[in-house]
Structure formats: structure tokens, C-alpha cells
Amino acid sequence: MMAEAGADGPRLAELLALGRRMWEELEASTEPSSGAPAVQDKVRQGLDALKRAAAMVTQLELFSENEELEEVASADLKFMLLPALLGALTLKQVDLSKRREHLESAREHFLHFLKLCRNYGLGSFQLPSSTSSEDEARSSPAPRDPGQPTLVAMAMSRSAKIERYKQKKELENKLASMSSSVESGTADEDQIREFYILQIQKWISTSLEEMESIEQELVILKSRDAARQAPAGPRGPPRPARTPVKPFILTRDAAQARVFGAGYPGLPTMTVDDWYEQRRKQGIVSTPQRVPAGTSDEEMQKQQKETEEEEDDEEALRKARDWDDWKDTHPRGYGNRHNMG
């Protein structure tokens, strides 16, 4: 026979009650942030109480793999909830630097609870696929067909979730109707036993749901960590930053450059030939290419149009040069001889 909680009953029961009360208050909390100091203080207080209670349960050997549910005292059934409550409170910690550690710790608590329930035949469920193959083989009534279509598996999973949700709601309704008599002490032992078993079954559904969420979040965290640690892929040489063009005076030849350079000492001068040479070195101006053999008429017309546009630019440049030459030989006001007396 196992030792009963009565050996250190009041103390153990008080720790469980404190941890459960902290969890219930956090669930009903209206705090806008889960990281608020008051919230995290309750999380720490609840975890401390539950961890101490779990250590006492282990020391007292309240539960064993070699016994049946009927051998467990009704008053001890409630202590089966300790690992599930530990997992739920562990998830409420908000330290992002330890998020992965908290997720894995909560998963272990929920898994411990589910294994305990399965050993005592409480509920019909399959352990999550992330557990060991040995656990999966023991929990599954028949081997999984490796050729089963993915869509069928997804439909079965969705159906199981819906059924689990319905059962959870039914359990909550039963617990609500029985809680007043159990808490007031008017319920008999059979009612107390049924009440605790219903609580355990409700937490089985909660634990399965939480483990699925944990697995999904762990996948995201692992992918993020892998992306951060992955070496940078091969990349081409970085583009050289283009130097911003400074203002300058464009002149026709070196003679004009000397004149304008003297008149505008704050601005550099550059001849047209120097400007073209600089643009060519920068790769902005390219020399015209020959038309390859086999070019279509459409391509020829396109190239001819581009050539004409270039010739127009040269004509405009020639006119600009002629105008500069004319201004050099004709002073300002030349030809305005009217009304001079």
C-alpha cells in the first residue's frame, strides 16, 4: 500500500490549493499585460508552491505504475493535477530570452501528467507525436499506416479536436454543478471521487491542446534560431557607392575653361571632351556598337531611331558651340543701335 497524503496532509493540500488559486486568478485577471509585475509575482508564487508540493508527492510515493485507479484514495486524486498545473503556470512566464526553455519545461510537465493518467486508465487519448516511439507504440491501439493520405489524417485530427472540445465543455458543466457540494463538505466520498476524476479528465484535454501549441511554437523558434546561425550565402562584390556629382562649369575648350575658371573661382571648369571622357570611365557613356548580322527590321528601325536622336543631340551641341563662338566675338548689346542719339 502506498503512503497517503494524510502523513503530511494539511501542508501538502495547502500548497496545492495555493498554486491552483494563483492559476485561477491569473486566468481571470484583467491585467492588460502578462508581463506586469503583479502578474509575474503570482506566477512565481504559484510555481514555487506547486514545485514544493510535487517534491512532497514524490517523497510520499503517492502514485505508482503498478497499481490501479481503485487503489488510489479519493483524497489523493487531486494531487494528480500537480504536473498539469505546473505546465500551465510555466507557460505564463514571459522572459523571452528563456522562452524555448520554458516551452520545453512545460511540455515535460504536461507529458508527465498524461503518462500518469494513461497508467491509471483515465481517459482515452494518444500521446502527441513528439514523444518517443516507444510511448507512441504503447498509446496507440494499432500501428499507424505510413501510406495514409495527409488530408485524411488532417480530417481525423480535426474531428478529434472537435470531439475533445465537446467533452471538455460537458466536463466543465458537470464540475460547475458539483463544486458547491464538494467545497462545502456536504458531498459523500463517491461524489468527491467523481469530482476529482472529472477534473483530471478536463485537464487531459487542456494538456493535449497546450502540447500541440507548444510544438508549433517550438518549430517557429527553432527555425528562427537556425536562420540566425546560418552562414551568409555567397554574394557578389558590393557595388561601389557612386560619388555625388559636384557642380562645375562645362566649357567648349581649354581656353574657355581658363576664362571661366578665373571669373568663377568657386566652381571647377571642365571641357566637353573631359566630360565625355569622365562619363566613359564611369561606364555611363558607351561607344556605339555595330549592328550584328541577322538583325530584324524592327530592331534596325529601333537602332536607327536611337542614332537619329544621338545626331539630334550632336546638332544641338554644335549650335550651342556656334552660339558660344558668336558671343565671344560680339560683345553684349551689339546691334542695339536704336535711340542712341
Side-chain angles (χ1 to χ4, degrees), residues 19 22-48 50-51 54 82-117 125-137 139-140 144 146 148-162 164-165 168 203-239 241:
M22 292 297 101
W23 176 80
E24 290 174 348
E25 290 179 4
L26 289 169
E27 286 291 290
S29 174
T30 57
E31 285 281 353
S33 172
S34 58
V39 173
Q40 289 303 302
D41 184 61
K42 288 183 179 181
V43 172
R44 286 188 292 269
Q45 190 176 357
L47 283 173
D48 179 66
L50 293 175
K51 287 177 181 178
L82 277 170
L85 290 168
L86 274 169
L89 277 177
T90 300
L91 288 178
K92 291 188 178 296
Q93 298 176 101
V94 294
D95 188 350
L96 294 180
S97 64
K98 297 181 179 179
R99 182 57 181 172
R100 185 170 174 177
E101 177 184 338
H102 293 157
L103 288 172
E104 292 174 346
S105 176
R107 180 176 59 183
E108 289 302 314
H109 287 309
F110 286 127
L111 184 58
H112 177 202
F113 170 71
L114 292 174
K115 287 181 178 179
L116 182 64
C117 294
F125 59 91
Q126 181 175 319
L127 291 176
S129 57
S130 61
T131 61
S132 65
S133 57
E134 182 182 355
D135 288 333
E136 195 171 356
S139 62
S140 179
R144 184 180 298 175
Q148 189 178 31
T150 304
L151 290 177
V152 174
M154 292 173 61
M156 292 175 63
S157 175
R158 183 173 181 273
S159 176
K161 289 179 182 179
I162 293 173
R164 196 165 62 212
Y165 176 79
K168 186 177 178 180
W203 272 97
I204 289 174
S205 297
T206 301
S207 299
L208 291 171
E209 292 169 1
E210 293 292 0
M211 287 194 71
E212 289 178 2
S213 299
I214 288 171
E215 291 301 328
Q216 293 171 2
E217 189 172 349
L218 281 174
V219 169
I220 296 173
L221 291 179
K222 290 175 182 177
S223 300
R224 186 191 65 186
D225 294 343
R228 288 178 177 175
Q229 297 174 2
R235 295 182 180 178
R239 285 187 176 183

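Positions are given from 1, in the same order as the sequence printed here. Keep in mind that the numbers below use all heavy atoms, side chains included, and drop hydrogens, waters and symmetry copies.
Note: H109 NE2 to L47 CG = 7.5 Å, rounded to the nearest 0.5 Å. Going from atom OG of S207 over to atom CZ of R107 covers 14.0 Å, rounded to the nearest 0.5 Å. To the nearest 0.5 Å, the span separating CG on L103 from CD on E210 amounts to 10.5 Å. To the nearest 0.5 Å, the span separating CE on M22 from CG on D48 amounts to 11.5 Å. For the atom pair I204 CD1 and F125 CZ, the distance stands at 5.0 Å (nearest 0.5 Å).
Residues K115 and L111 have side chains in contact (heavy-atom distance under 4.5 Å, counting atoms from C-beta outward). In this structure, L82 and F113 have side chains that are not in contact, with every pair of non-hydrogen atoms separated by 4.5 Å or more.
By the side-chain hydrogen bond (donor to acceptor under 3.5 Å, both in side chains) test, S105 is found to be paired with no residue, residues two or more places apart in sequence or in another chain being considered. Under the rule for a side-chain hydrogen bond (donor to acceptor under 3.5 Å, both in side chains), the partners of D225 that lie at least two apart in sequence or sit in another chain are R100. With sequence neighbours left out, R224 forms a side-chain hydrogen bond (donor to acceptor under 3.5 Å, both in side chains) with no residue at all. For S223, there are no side-chain hydrogen bond (donor to acceptor under 3.5 Å, both in side chains) partners at least two apart in sequence or on another chain. Residues satisfying the salt bridge (charged side-chain N to carboxylate O under 4.0 Å, His left out) criterion with E101, sequence neighbours excluded, are absent altogether. Applying the side-chain contact (heavy atoms from CB on, under 4.5 Å) criterion to I162, with sequence neighbours excluded, gives R158, K166.
Residue pairs satisfying the ring-ring contact (aromatic ring centres under 6.0 Å, His included) criterion with at least one member in residues 23-46, sequence neighbours excluded, are listed as follows: W23-W203. Listed by first and then second residue, the side chain to side chain donor-acceptor pair (under 3.5 Å) pairs involving residues 30-42 are E25-K42 (not counting sequence neighbours).
Annotation for K98: atom NZ does not count as buried by contact number, only 12 or fewer foreign heavy atoms lying within 6.0 Å. Environment of NZ in K168: crowded, with over 12 heavy atoms of neighbouring residues, nucleotides or ligands closer than 6.0 Å.
Contact detail for L218 and E104: the closest heavy-atom pair is CD2-CG, 4.1 Å. Smallest separation of non-hydrogen atoms from L26 and V43: CD1-CG2, 3.6 Å.
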Donor-acceptor list for residues 83-96 side chains, cut-off 3.5 Å, not counting sequence neighbours:
{"unit_1": "T90", "atom_1": "OG1", "unit_2": "L86", "atom_2": "O", "d": "2.6"}
{"unit_1": "K92", "atom_1": "NZ", "unit_2": "E27", "atom_2": "OE2", "d": "2.8"}
{"unit_1": "Q93", "atom_1": "NE2", "unit_2": "T90", "atom_2": "O", "d": "3.2"}
{"unit_1": "D95", "atom_1": "OD1", "unit_2": "S97", "atom_2": "N", "d": "3.2"}
{"unit_1": "D95", "atom_1": "OD1", "unit_2": "S97", "atom_2": "OG", "d": "2.7"}
{"unit_1": "D95", "atom_1": "OD2", "unit_2": "S97", "atom_2": "OG", "d": "3.4"}

